[in-house]
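Have a look at the structure below, then the notes.
Letters A, B, ... mirror the listed sequences (proteins, then strands); counts begin at 1. All values reported here derive from a predicted model rather than from experimental measurement.
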There are 2 protein chains.
Amino acid sequence: MKLDFVYISDIGKHLGHEVTLKGWLYNKRSSGKIHFLQIRDGSGVIQGVMVKNEVDAKTFELGDKVSQESSIIVKGMVKEDKRSPSGYELGVSDLRIVQLSQDYPITPKEHGPAFLMEHRHLWMRSSKQHAALRIRDTIEQAIHGYLHKEGFIHTPAPILTPTSCEGTTTLFETDYFGEPAFLSQSGQMYIEATAAAFGKVYTFTPAFRAEKSKTRRHLTELWMMDAEASYFEHAENMQCQEGMICAIMEKVLNECQNELKTLERDTAPLEKIKAPFPVISYKEAVELCNKAGVPIQYGEDFGAPHDTAIAGSFDQPVFVDRFPTAIKSFYMQPDPEDPTVVLGSDLYAPEGYGEIIGGSQRIHDLDLLLKKMEEHKVPYEPYKWYVDLRRYGSVPHSGFGIGIERTVSWICGLQHIREAIPFARMLEKIYP
Amino acid sequence: MKLDFVYISDIGKHLGHEVTLKGWLYNKRSSGKIHFLQIRDGSGVIQGVMVKNEVDAKTFELGDKVSQESSIIVKGMVKEDKRSPSGYELGVSDLRIVQLSQDYPITPKEHGPAFLMEHRHLWMRSSKQHAALRIRDTIEQAIHGYLHKEGFIHTPAPILTPTSCEGTTTLFETDYFGEPAFLSQSGQMYIEATAAAFGKVYTFTPAFRAEKSKTRRHLTELWMMDAEASYFEHAENMQCQEGMICAIMEKVLNECQNELKTLERDTAPLEKIKAPFPVISYKEAVELCNKAGVPIQYGEDFGAPHDTAIAGSFDQPVFVDRFPTAIKSFYMQPDPEDPTVVLGSDLYAPEGYGEIIGGSQRIHDLDLLLKKMEEHKVPYEPYKWYVDLRRYGSVPHSGFGIGIERTVSWICGLQHIREAIPFARMLEKIYP
């Protein structure tokens with residue numbers, strides 16, 4: 001598109017030329033004779049240098065007056081500057097204030113997280129928040145790109161569903177023209193249907209969990225990417241997860257070095273990530289936890305401290321494989337060699353970040369599925385369509401779901417998941 | 001990934017070699033001595049030819065027995081076949097039935113739409129449904145691709161919102177830990193915030209409308225792509241929409257010729273699409289409707305018959321520009337030259353498909369926004385964050401939202417929007 005201004009991300013193309021930038025004042029330092037203006041425009045940050053002798057008096061006065069987060073239009077000459085992160089600086093010849101910001105709430109002093117989250121709409125302009133959400137976009141692109149390269153197509157699962165697959169206590173409910181409907185916790189079952197039509201599919205969709213937990217790893221509204229492939233068994237499923245994580249890592253390391261630097265993220269652990277990832281059994285993971293001083297009985301589900309213990313024991317993402325059938329969803333395929341465990345694994349991110357992916361082979365035998373539904377008290381009528389998939393051309397198939405915000409947290413090295421999404425929804429938190 | 005089978009979409013790479021396919025029987029013709037098996041695997045369809053003399057008796061019997069939508073594993077030699085759509089056929093040497101389908105509900109005879117929608121989980125295996133949803137995926141990819149190329153980043157807006165911008169009668173409500181919350185109808189206001197942080201942004205998100213209308217153009221759960229750009233005014237906004245539509249068209253015409261053929265879509269009207277698109281004023285559109293025998297008064301909103309009349313009068317997408325301020329949302333920027341109309345346009349797809357995009361420049365002046373909020377009785381407290389965007393570094397900015405299913409309907413030439421999404425949600429329709 002033809003525009004009458006340029007973006008900071010493109011500034012290198014204009015070296016030695018005068019350009020117009022449209023953005024905001026991120027920060028300012030002034031000596032009596034020079035204003036150093038940190039200009040941001042969303043695509044990047046550049047330093048503008050305004051020298052008293054080189055602009056008219058009125059313009060220099062504007063440089064005095066312009067405040068943090070004022071919107072500004074700046075003209076200037078693009079110069080090389082080896083010391084700056086962008087490699088360039090702007091010799092400012094003209095400054096126009098579009099709107100003068102007064103008393104911008106987020107100042108360089110420390111603010112508490114409650115205050116910052118209350119001002120999330122502004123906080124995301126800050127360099128670290130900005131960097132994390134840019135990396136999020138890159139991660140999303142890597143996922144879409146990897147899956148399409150592998151022949152997956154996007155078939156979005158619905159959010160409004162008449163039933164739930166995991167009990168209704170953690171579901172948001174709504175009135176659907178007189179009938180109860182629930183916000184989906186996972187698109188998985190729906191894409192088992194599209195997988196039988198398209199072979200390899202995924203859904204990149206919000207998911208909802210009305211959990212009253214207040215942790216650093218939970219959102220009530222989160223984004224999941226669920227993928228499903230017909231004729232994939234457990235091994236191919238894990239290979240696909242590995243491939244995707246490696247594709248994410250490669251793209252982020254290639255394209256987001258500035259953002260990682262802004263976040264002060266040590267990239268050494270990320271550069272190490274390489275397939276094949278280690279695989280341990282659930283049983284081994286239980287032993288690991290007990291040895292690490294986080295007690296757990298065989299047959300119990302892992303909690304946050306176990307997650308951290310497992311994830312902290314490897315410098316690669318690690319698959320925890322073959323969970324007990326008793327604690328997993330009804331649709332997971334029991335291991336033919338030991339039906340007390342399922343062909344299902346969770347992938348734990350290193351550095352203590354914990355579970356980011358859950359995946360399994362699904363039951364494709366009609367009778368076994370019906371038996372499991374009965375055992376788990378899953379009603380037949382609302383899931384008739386799901387059973388149909390085992391009636392008409394059933395095939396072995398597998399899939400997995402990755403939590404986007406948990407993946408962003410890990411890769412960005414965030415302390416809290418609320419910074420991994422533009423507008424977090426948590427217990428007691430739905431504004432802005 | 002290394003697999004022990006190949007996909008039909010890759011079959012050309014294996015010309016002259018024996019391969020294994022894993023898929024389903026789409027259709028069958030048999031003479032006494034030859035079975036012609038239409039094999040689909042989600043990635044494509046190929047004809048398998050099984051000759052009695054060339055396979056053992058048991059295998060040929062399986063060919064007799066195999067039924068529509070049985071899951072099958074087929075071995076055979078890849079041969080060129082100029083008459084087939086794929087250009088290849090398979091000389092079948094072995095057939096294994098994974099699961100025999102019995103009484104598959106969707107037969108080649110005509111079924112009514114209620115029956116087909118009740119079996120949507122199976123119907124999407126049918127060639128036309130399959131083709132439309134593959135084109136949908138390509139359209140989505142074109143949108144993501146165009147926007148990233150133009151420097152937009154994806155910043156997803158939340159679904160759960162404490163308030164609504166367009167009245168609560170058409171909103172789905174849920175209980176958010178004791179407080180009412182609503183499912184978002186549009187991510188636009190949220191990405192006005194991210195646009196001030198990132199410059200150019202978009203959100204590709206489901207939107208919800210609890211409308212009791214039963215038309216061929218309405219879903220209760222639909223997908224929208226909303227884009228927003230700081231420092232874009234009305235003209236740049238329209239240019240961006242044009243560019244995106246052209247990018248979609250180019251990608252679909254390049255990559256989906258087989259799917260368009262399956263849909264019997266006349267591609268001539270699509271090949272004609274070229275920027276710049278015609279622009280008429282709302283006033284001219286009203287005159288056009290009245291001349292076309294679809295009466296409407298100046299100041300009224302267009303209904304479905306007007307949409308069709310406008311959209312049918314051009315062989316290009318047409319912008320209807322400068323709607324009356326009185327019938328548009330409070331946040332739209334009034335035209336400085338005539339404040340009774342706004343700097344807002346809708347884009348109508350040709351061939352009678354009607355509105356697919358709505359866009360506008362947004363009010364960036366704090367006082368004007370506050371005045372408009374008062375006039376429209378928009379409460380201040382829940383929108384304080386939105387007002388903040390005019391308080392701290394406000395800039396002229398514009399954006400637009402495209403309805404994904406309407407765009408798919410147009411490009412695929414669909415009669416009804418329910419076929420443009422895997423699992424449609426409509427009045428009285430939430431299964432499967």
Considering all heavy atoms, the nearest [X]-[Y] contact:
X	Y	result
Trp385(A)	Pro432(B)	CG-CB, 3.4 Å
Trp223(B)	Phe204(A)	CH2-O, 3.5 Å
Glu236(B)	Met1(A)	O-CE, 3.4 Å

Most heavy-atom pairs under 4.5 angstrom with chain B, which of [options]?
options	answer
Gly151(A), Ala157(A), Pro156(A)	Pro156(A)
Ala424(A), Ala235(A), Ala210(A), Ser70(A)	Ala210(A)
Gln141(A), Arg134(A), Arg40(A)	Gln141(A)
Ile159(A), Ile72(A), Thr155(A)	Ile159(A)
Gly44(A), Pro206(A), Ser126(A), Ala195(A)	Pro206(A)
Glu150(A), Gln102(A), Lys200(A)	Lys200(A)

Chain A: which of [options] shares the most heavy-atom pairs with it under 4.5 Å?
options	value
Thr203(B), Leu133(B), Val201(B), Thr138(B)	Leu133(B)
Ala181(B), Gly243(B), Ala193(B), Pro158(B)	Pro158(B)
Leu3(B), Thr194(B), Ile153(B)	Ile153(B)
Asp10(B), Ile73(B), Val98(B), Ile421(B)	Val98(B)
Arg390(B), His364(B), Glu428(B), Glu192(B)	Arg390(B)
Ser101(B), Ser394(B), Pro105(B), Gly199(B)	Ser394(B)

If we ignore hydrogens and angles and just use 3.5 Å, is the side chain of [X] paired with the main-chain N or O of [Y] as donor and acceptor?
X	Y	answer
Arg425(A)	Leu160(B)	yes
His130(A)	Ala197(B)	yes
Gln99(B)	Gly393(A)	yes
Tyr104(A)	Arg391(B)	no
Thr174(A)	Thr174(B)	no
Ser71(A)	Val395(B)	no

Where does [X] contact chain B at under 4.5 Å (heavy atoms): side chain, backbone, both or neither?
X	value
Asp103(A)	backbone
Leu122(A)	side chain
Glu242(A)	neither
Ser43(A)	backbone
Glu221(A)	side chain
Tyr386(A)	neither
Lys149(A)	neither
Trp123(A)	neither
Glu211(A)	backbone
Pro396(A)	side chain

Q: Begin from the C-alpha positions of Asp388(A) and His121(B) and carry the test side-chain contact (heavy atoms from CB on, under 4.5 Å) through to its verdict.
A: CA-CA 8 Å; Asp388(A) 272 359; His121(B) 52 295; 2.9 Å; yes
Q.
Distance alone, cut at 3.5 Å: any donor-acceptor contact between the side chains of Asp137(A) and His148(B)?
A.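 His148(B) and Asp137(A) do have a side-chain donor-acceptor pair below 3.5 Å.
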Q) salt bridge (Lys or Arg N to Asp or Glu O under 4.0 Å): which pairs involve residues 138-148 of chain B, sequence neighbours left out? A)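 Listed once each, the pairs are Arg136(B)-Glu140(B).
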Q.
Which residue in the set Tyr392(A), Tyr231(A), Phe198(A) passes ring-ring contact (aromatic ring centres under 6.0 Å, His included) when paired with Trp24(B)?
A.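 Only one of Tyr392(A), Tyr231(A), Phe198(A) forms a ring-ring contact (aromatic ring centres under 6.0 Å, His included) with Trp24(B), namely Tyr231(A).
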Q: Could you walk me through whether Phe177(B) and Lys212(A) pass side-chain contact (heavy atoms from CB on, under 4.5 Å), step by step?
A: CA-CA 8 Å; Phe177(B) 307 109; Lys212(A) 286 203 171 149; 3.9 Å; yes
Q: Measure distances from Glu381(B) to the heavy atoms of chain A and classify the residue's part below 4.5 Å as side chain, backbone, both or neither.
A: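 Contact with chain A is through the backbone of Glu381(B) alone.
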Q) Which residues pass the side chain to side chain donor-acceptor pair (under 3.5 Å) test with Thr220(B), sequence neighbours left out? A)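 Thr220(B): side chain to side chain donor-acceptor pair (under 3.5 Å) contacts with Tyr176(A).
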